Amino acid sequence: MHIPDGFLSPQTYLPAYALAAGGWVYAARELRRRVDETLLPRLAVLTALAFVLMTVMLPLPGGTSVHASGIGILAVIFGPWLTFAVVSLVLLLQALVLGAGGITVLPVNALAMGLGGSVAACLGYRLLAPRWERAGLFAAGWLAAVVPAALVAVVLGLQPAIAHRSDGQPLFFPFGLSVTLPAVLIPHAILGLGEGLLTVLVVSFLRRR
Amino acid sequence: MKDRLLLLGYAIAVVAATSVHNPWWLAAGLLLVAVLAGRQAPTIGWRALRAVLFFSLVISVGYAAGALFGQAVSLDYLILVNIRVYLLIFLTFTLASKIDILRALSFSRNLSYLVTLVLSQIIPFRRLFEDLRLAAESRRLRRLRLRERYLQSAAAAVHLFDRAEHDAREIALAMRSRGFFQPDAPDNAPGD
C-alpha cells in the first residue's frame, strides 16, 4: 500500500512532514515516559521484526500470497505510539537503504500505516475484545489494512485537485477520488480478511503461553 | 560531514524535483544525477527502472486508457510524471550507493545507535525467517491447505516475536554493561 515517490505534490508532503514530525516527537516522549532503559534496544529489535514481518506471506485462496503488514499485531501488543515509531523507522530504512517507498511519501505512508492503521486497530480491538476477544483481534487486523488504504486513497485522489496546471492537467497523481477509493479500498478490504486472520492466530498463540 | 551534506543535498534535490514541472529541466536533472553516479550509473539506472516499472506502467496505461472513454489525455503529463518518478528513484539509489547512512545520522547519538541496532538485527531475523520457510518446505509431502499455510505463517511470526523479546533483553544487558545508559536520576549519582 506504499505510495511510491513522485506522485505526491510538495503541497501535500511538506505539511505531512510537519504533522508527522509532531507525531514523532509525541511518540518519542510517550515512549520515554512509559519504557525504561530497554527502550532503545526494544525499539530497534521491534523495528527489525516489523521489517521482517512485512515479508511474512499472507496466503490467499488458489495458492497465491501477498505480504502481510503486521501492523494489527504490533498495535494490539505494543499500542499505537510504539507501532507508529516502529513503522516510521521501517519506512525510513526502506526508503534510504532499499529505495522502496520514498522520502517524499514517507510522512504520508507513516501517518497512514503507522498511526492511522494502529489507532484504528487499537480502537477496534478495545471496542470488541471485552466481549468477543477473537472478533476484536480480527477487527484489529482488518482495520490495520483497510484504514491506511482508505487514507492513502484519499491523499492520492486529492492530488489532481491540489496540484494541476491552469488548464486542469494534473501534475502528480492523475486519478481523482472516484477512481482511487474503489481501486485501493476493494482489494484491501479483501486482503484485510487475511491480515485479520493472521492477527487472531499470532496474538492468540502468543497469549496462550 | 560529507555524508550529512549529501543527505541535505538529497533533501533539497527531492523538493526541487517535485517543484519543477518542465520535463526538460527534469531530464537535465536526471543527466546530472547519472554523471554523479559515475561508473555505477548503468547498474543504478537498471535497478531504478525495475523498481518503478510496474507502478508507473499501471498509472500510465490507466491514464492513457482514459482516452478510450473520451477523457482529455496529455502526452506531456505522461512524460512529466514518468521522468519525475524515475529521477527520484535514481536519485535515491545514487544516494544509497554514495552515503554511509550511519555517519549521516551521527548528529543524534540515539538515532545512530538505533539504526545500527536495527540494521544488525534485520539480517539474523531474515535468515531465521528463511530457515523456517525452508524447514517447512523440506518437511511437507503435499501442497498445504489454506488453513495449514495460515498456521505455518502464524507459527513463524510467533517464533520471530519470541526471538525479538529475547534479543531486546540481551542487547539491553550488553549496552548496560558497556556503560551506554547514563545515570540521570539524582539518587543514582555517585556518593548518594
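Letters go in sequence order (proteins before strands), and every chain restarts at 1. Everything numeric here is computed off the predicted structure, so don't read it as measured data.
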Examine whether an atom of [X] lies under 4.5 Å from a heavy atom of chain A, and if so say whether it belongs to the side chain, the backbone or both; otherwise answer neither.
{"X": "B:L114", "value": "both"}
{"X": "B:D76", "value": "both"}
{"X": "B:Y86", "value": "neither"}
{"X": "B:I59", "value": "both"}
{"X": "B:V81", "value": "side chain"}

Taking everything shown except [X] itself, do over 12 heavy atoms lie less than 6.0 Å from its [atom1]?
{"X": "B:R4", "atom1": "CZ", "value": "yes"}
{"X": "A:R29", "atom1": "CZ", "value": "no"}
{"X": "A:W142", "atom1": "CH2", "value": "no"}
{"X": "B:R39", "atom1": "CZ", "value": "no"}

Chain A interface, residue from [options] that has the most non-hydrogen pairs under 4.5 Å:
{"options": "B:L117, B:L128, B:L87, B:L7", "answer": "B:L117"}
{"options": "B:L88, B:V73, B:L119", "answer": "B:L88"}
{"options": "B:L80, B:I122, B:L95", "answer": "B:I122"}
{"options": "B:E165, B:Q152, B:R163", "answer": "B:E165"}

Which of parallel (below 30°), tilted (30 to 60°) and perpendicular (above 60°) describes A:F173 and B:F55? tilted
Is any side-chain heavy atom of [Y] closer than 4.5 Å to one of [X]?
{"X": "B:F161", "Y": "A:F205", "answer": "no"}
{"X": "B:V115", "Y": "A:L93", "answer": "yes"}
{"X": "A:F51", "Y": "B:Q121", "answer": "no"}

Can you tell me how far apart CD (A:Q169) and NE2 (B:H21) are? Round to the nearest 0.5 Å. 11.0 Å
To the nearest 0.5 Å, what is the distance between OG on B:S19 and CG on A:L14? 7.5 Å
Chain B interface, residue from [options] that has the most non-hydrogen pairs under 4.5 Å:
{"options": "A:V202, A:I77, A:I73, A:L49", "value": "A:L49"}
{"options": "A:A163, A:S204, A:P170", "value": "A:P170"}
{"options": "A:L46, A:L197, A:L89, A:L8", "value": "A:L197"}
{"options": "A:I103, A:T47, A:V179", "value": "A:I103"}

Ring-face cation contact, A:F172 with B:R84, 6.0 Å cut, 45° max: yes
Taking all non-hydrogen atoms of both residues into account, name the closest pair between [X] and [Y] and its distance.
{"X": "A:V52", "Y": "B:F125", "answer": "CG2-CB, 3.4 Å"}
{"X": "A:G194", "Y": "B:Y150", "answer": "CA-OH, 3.0 Å"}
{"X": "A:P174", "Y": "B:Y77", "answer": "CD-OH, 3.0 Å"}
{"X": "B:S153", "Y": "A:L198", "answer": "CB-CD1, 3.9 Å"}

Could you walk me through whether B:T18 and A:T104 satisfy the side-chain contact (heavy atoms from CB on, under 4.5 Å) test, starting with their C-alpha distance in whole Å, then the side-chain angles of each, then the deciding distance to 0.1 Å, before giving a yes or no? CA-CA 9 Å; B:T18 51; A:T104 62; 4.2 Å; yes
Tell me, side chain or backbone of A:L92 under 4.5 Å from chain B's heavy atoms, or both, or neither? neither
Considering residues at least two apart in sequence or located in another chain, which fulfil the salt bridge (Lys or Arg N to Asp or Glu O under 4.0 Å) criterion with B:R140? B:E137
Quick one, A:L201 with B:L151, criterion side-chain contact (heavy atoms from CB on, under 4.5 Å). Give me CA distance, side-chain angles, the key distance, then yes/no. CA-CA 7 Å; A:L201 288 171; B:L151 287 172; 3.8 Å; yes
